[in-house]
Amino acid sequence: MRRGRAYAAVALALGPALVGVAPAAAQAPAPEIPLQFSARSMLPGEAFTIGGTLPGGAADAGRALELWERRAPFPGVYAIVRNGTAGPSGEFSFGVAPVRKAYWSVVAEATTTRPREASPGLLVAVRRKVSIRTSTRRPRKGTLVRFSGFVAPGFPLGPGSVATLQRRNAPGGFTDVRPVLLGAAGAFSSYRMRIRVTRSGVYRVVVPSSTFFSAGASVAVTVRVRRR
């Protein structure tokens, strides 16, 4: 059901209404193009590929294709960002390097022998880069350890602009330890906090999603407490 609703939304956004003919909602459902992504989460400017094979296979060789993007801020609108052609077996591949989180779709317009075909719009997350540093990785039990770092691109400052220190829990997930407001640091944002460490653990810092970017997290670092 959820997949059906997502497809209907994309069909409405990418339909012939954009080229001045009947609204997509008035058309019969089009065959769906399955997509494959080399990655679904990345940093701004990192490249990934969107590929797949048209339902007609070799019968779709040489068919014209359009890559559509609906970029944040949402809801936004779809726009063609790339044109391409299907290969001998109906295969295709687009390389892109997004700067914001966005939904992506591939469309093959109708031909004399094939109906119009489109993929659902699928979200690719673009997250901020979060660095992490510690004043020491081998503190004595009960001493204060400073965690600091930068967030890029910079976060809009406000009550919700926080970096949260997390500690790995027994099941393997992470539990919040302490949030701290982000500060301005030129084109970046920065954070700094001190916590008293009484036992060894694995820590990371996370930042929430925003209008243009998905939630981001630093690498995990291990802090080992010395008994002496």
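These numbers come from the heavy atoms of this one structure, side chains and all, not from hydrogens, waters or symmetry mates. Counting from 1, the numbers follow the sequence of the chain as shown.
Side-chain atoms of R128 and S210 include a donor-acceptor pair closer than 3.5 Å. Checking Q166 against D176 by side-chain atom types alone, a donor-acceptor pair falls below 3.5 Å. A donor-acceptor pair shorter than 3.5 Å can be found between the side chains of T134 and R137. One side chain, S119 or S105, offers a donor N or O that lies under 3.5 Å from an acceptor on the other.
We find that R63 and E117 are joined by a salt bridge, their nearest charged nitrogen and carboxylate oxygen being less than 4.0 Å apart.
Tracing side-chain contacts under 4.5 Å through hydrophobic residues (I, L, V, M, F, W, Y), one reaches V219 starting from L165; they form part of the same cluster. Residues V162 and V130 fall into different hydrophobic clusters, defined by Ile, Leu, Val, Met, Phe, Trp and Tyr side chains chained together at heavy-atom separations under 4.5 Å. Residues V151 and V206 fall into different hydrophobic clusters, defined by Ile, Leu, Val, Met, Phe, Trp and Tyr side chains chained together at heavy-atom separations under 4.5 Å. Cluster membership for I132 and V202, using ILVMFWY side-chain heavy atoms within less than 4.5 angstrom, is not shared. Cluster annotation: F174 is not connected to V207 through the hydrophobic network of ILVMFWY side chains, with a link wherever side-chain heavy atoms come within less than 4.5 Å.
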Q: Mind running side chain to side chain contact (heavy atoms under 4.5 Å, CB included) on W104 and L123 for me, showing each step along the way?
A: CA-CA 6 Å; W104 299 86; L123 178 65; over 6 Å; no
(Q) side chain to side chain contact (heavy atoms under 4.5 Å, CB included) for V145 and T136? Distances and angles first, verdict last. (A) CA-CA 7 Å; V145 175; T136 177; 4.2 Å; yes
Q: Kindly determine whether Y191 and F150 satisfy ring-ring contact (aromatic ring centres under 6.0 Å, His included), including the steps that lead there.
A: CA-CA 6 Å; Y191 68 89; F150 293 93; 8.2 Å; no
Q) Taking it one step at a time, do I195 and V177 satisfy side chain to side chain contact (heavy atoms under 4.5 Å, CB included)? A) CA-CA 9 Å; I195 65 165; V177 175; 4.2 Å; yes
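Between the CZ atom in R167 and the OG1 atom in T175 there is a gap of 9.0 Å [rounded to 0.5 Å]. Between the CD1 atom in I50 and the CG atom in L35 there is a gap of 7.0 Å [rounded to 0.5 Å]. Put simply, CE on M193 and CZ on R178 are 6.5 Å apart, with the number rounded to the nearest 0.5 Å. To the nearest 0.5 Å, the span separating CZ on F92 from CZ on R82 amounts to 13.5 Å. Of the inter-residue distances, the one linking R40 atom CZ with L122 atom CG reads 5.0 Å to the nearest 0.5 angstrom. Here the straight-line distance linking atom CZ of R196 with atom OG1 of T143 works out to 8.0 Å at 0.5 Å rounding.
Considering every non-hydrogen atom in both G160 and P208, the closest pair reads O-CG, 3.7 Å. Of all heavy-atom pairs spanning A86 and L54, the tightest one is CB-CD1, 3.8 Å. Between I33 and P120, the shortest heavy-atom distance links the atoms O-CD, 4.0 Å. Nearest heavy atoms, R71 versus A102: CA-CB, 3.7 Å. The shortest heavy-atom contact between A163 and L182 is CB-CD2, 3.8 Å. For the residue pair E46 and P98, the shortest heavy atom distance occurs at O-CD, 3.4 Å.
In this structure, S218 and S131 have side chains that are not in contact, with every pair of non-hydrogen atoms separated by 4.5 Å or more. Annotation: side chain of S200 is not in contact with side chain of V223 (no heavy-atom distance under 4.5 Å). For the pair F94 and V106, the minimum side-chain heavy-atom distance is below 4.5 Å. Taking the side chain as every heavy atom from C-beta outward, W68 and R70 never approach each other to under 4.5 Å. A heavy-atom distance below 4.5 Å is not found between the side chains of F74 and F212.
Under the 6.0 Å cut-off for aromatic ring centres, F188 and F155 do not qualify, their centroids lying 6.0 Å or more apart.
Between F147 and Y203, the angle of the ring planes lies from 30° to 60°, which puts this pair in the tilted group.
The 12-atom threshold is not exceeded at CZ of R224, counting heavy atoms of other residues, nucleotides or ligands nearer than 6.0 Å.
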